[in-house]
K.L.:
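This is the structure I want to talk about, given as structure tokens.
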Amino acid sequence: MAVHYYLVERLPTVEEYRSLCTAVGWQEVMNFAVADAALANSIYGVVAMSGEHVVGMGRIVGDGAIYYYIQDIAVHPDYQHNGIGKSILDRIFSFLLSHA
């Protein structure tokens, strides 16, 4: 069955970030205590939405001049294998092509 989703150019909230990181098994390697500052210092973000729920995310970190690093590409396991991760990366690459 095809999953319906759409992309929004924004960063996930801390709660959305924590939920997705936990869903993909990253909770043991994440420092959620500083997630708010980390997200706020991102250069760019995109989330995938299914209805009102964030089901995927990706962001860019770096210095905004020379270095851009793609970070935290994650898709909730219930929504994987539907092209969401590729769509997130495509949107990120479009941003990089026009800004980097």
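Because only heavy atoms are used, hydrogens play no part in the values below, and waters and symmetry mates are left out as well, while side chains stay in.
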K.L.:
Between CG of L89 and CG of L96, what distance do you get to the nearest 0.5 Å?
P.N.:
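Going from the CG atom of L89 to the CG atom of L96 covers 10.0 Å.
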
K.L.:
Looking only at non-hydrogen atoms, find the nearest pair between S42 and R59 and report the distance.
P.N.:
OG-NH1, 2.7 Å

K.L.:
Can you name the nearest heavy-atom pair linking V55 to S50, along with the distance?
P.N.:
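Scanning both residues completely, I find the closest heavy atoms to be CG1-CB, 3.8 Å.
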
K.L.:
Is the side chain of N82 donor-acceptor paired with the backbone N or O of Y79 at a distance under 3.5 Å, no angle test?
P.N.:
yes

K.L.:
Can you classify the ring geometry of F95 versus Y44 as parallel (below 30°), tilted (30 to 60°) or perpendicular (above 60°)?
P.N.:
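F95 and Y44: parallel rings.
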
K.L.:
Looking at A100 and Y68, what are the two nearest heavy atoms and their distance?
P.N.:
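Result for this residue pair: CB-CE1, 3.6 Å.
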
K.L.:
Answer yes if I70 and I66 sit in the same cluster of Ile, Leu, Val, Met, Phe, Trp and Tyr residues linked by side chain heavy atoms under 4.5 Å apart, and no otherwise.
P.N.:
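No, I70 does not connect to I66 through the hydrophobic network.
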
K.L.:
In Å, rounded to the nearest 0.5 Å, how long is the span from CZ of F93 to CD1 of I60?
P.N.:
9.0 Å

K.L.:
Considering non-hydrogen atoms only, spot the tightest contact between L7 and S87 and give its length.
P.N.:
CD1-O, 3.5 Å

K.L.:
Is Y17 linked to W26 within one hydrophobic cluster, defined over Ile, Leu, Val, Met, Phe, Trp and Tyr using a side-chain heavy-atom separation of less than 4.5 Å?
P.N.:
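Y17 clusters together with W26.
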
K.L.:
Using the rule that two of Ile, Leu, Val, Met, Phe, Trp, Tyr join whenever any of their side-chain heavy atoms come within less than 4.5 Å, decide whether V61 and I92 are in one cluster.
P.N.:
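No; tracing contacts between hydrophobic side chains, which count when under 4.5 Å, never links both residues.
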
K.L.:
Provide the closest heavy-atom pair for A48 versus I88 in the form atom of the first, atom of the second, distance.
P.N.:
CB-CD1, 4.2 Å

K.L.:
If you draw a 6.0 Å radius around OH in Y6, do more than 12 non-hydrogen atoms from other residues or ligands fall strictly inside?
P.N.:
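Yes - once you tally the heavy atoms of other residues, nucleotides and ligands closer than 6.0 Å, there are more than 12.
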
K.L.:
Report yes if some heavy atom in the side chain of M57 is under 4.5 Å from a heavy atom in the side chain of I73; otherwise report no.
P.N.:
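No, too far: nothing below the 4.5 Å cut-off.
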
K.L.:
Could you check whether atom CZ of F32 has more than 12 heavy atoms from other residues, nucleotides or ligands sitting under 6.0 Å from it?
P.N.:
yes

K.L.:
Answer yes or no: is there a side-chain heavy-atom contact under 4.5 Å between M30 and D72?
P.N.:
yes

K.L.:
Establish whether L20 and M49 are linked, either directly or via other cluster members, by ILVMFWY side-chain heavy-atom contacts under 4.5 Å.
P.N.:
yes

K.L.:
For L39 and P12, work out which heavy atoms get closest and say how close.
P.N.:
CD1-O, 3.6 Å

K.L.:
Between Q80 (side chain) and V75 (backbone), is there a donor-acceptor pair under 3.5 Å?
P.N.:
yes

K.L.:
Could you tell me the separation between the SG atom of C21 and the NE2 atom of H76, rounded to the nearest 0.5 Å?
P.N.:
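The NE2 atom of H76 is 12.0 Å from SG of C21, to the nearest 0.5 Å.
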
K.L.:
V46 versus V8: any side-chain heavy-atom pair under 4.5 Å?
P.N.:
no

K.L.:
Under 3.5 Å, side chain of S94 to main-chain N/O of D90, donor-acceptor pair present?
P.N.:
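Present.
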
K.L.:
Indicate if V34 and V14 have the same hydrophobic cluster label, given that clusters are the connected sets of ILVMFWY residues with side-chain heavy-atom separations under 4.5 angstrom.
P.N.:
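No, V34 and V14 fall in different hydrophobic clusters.
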
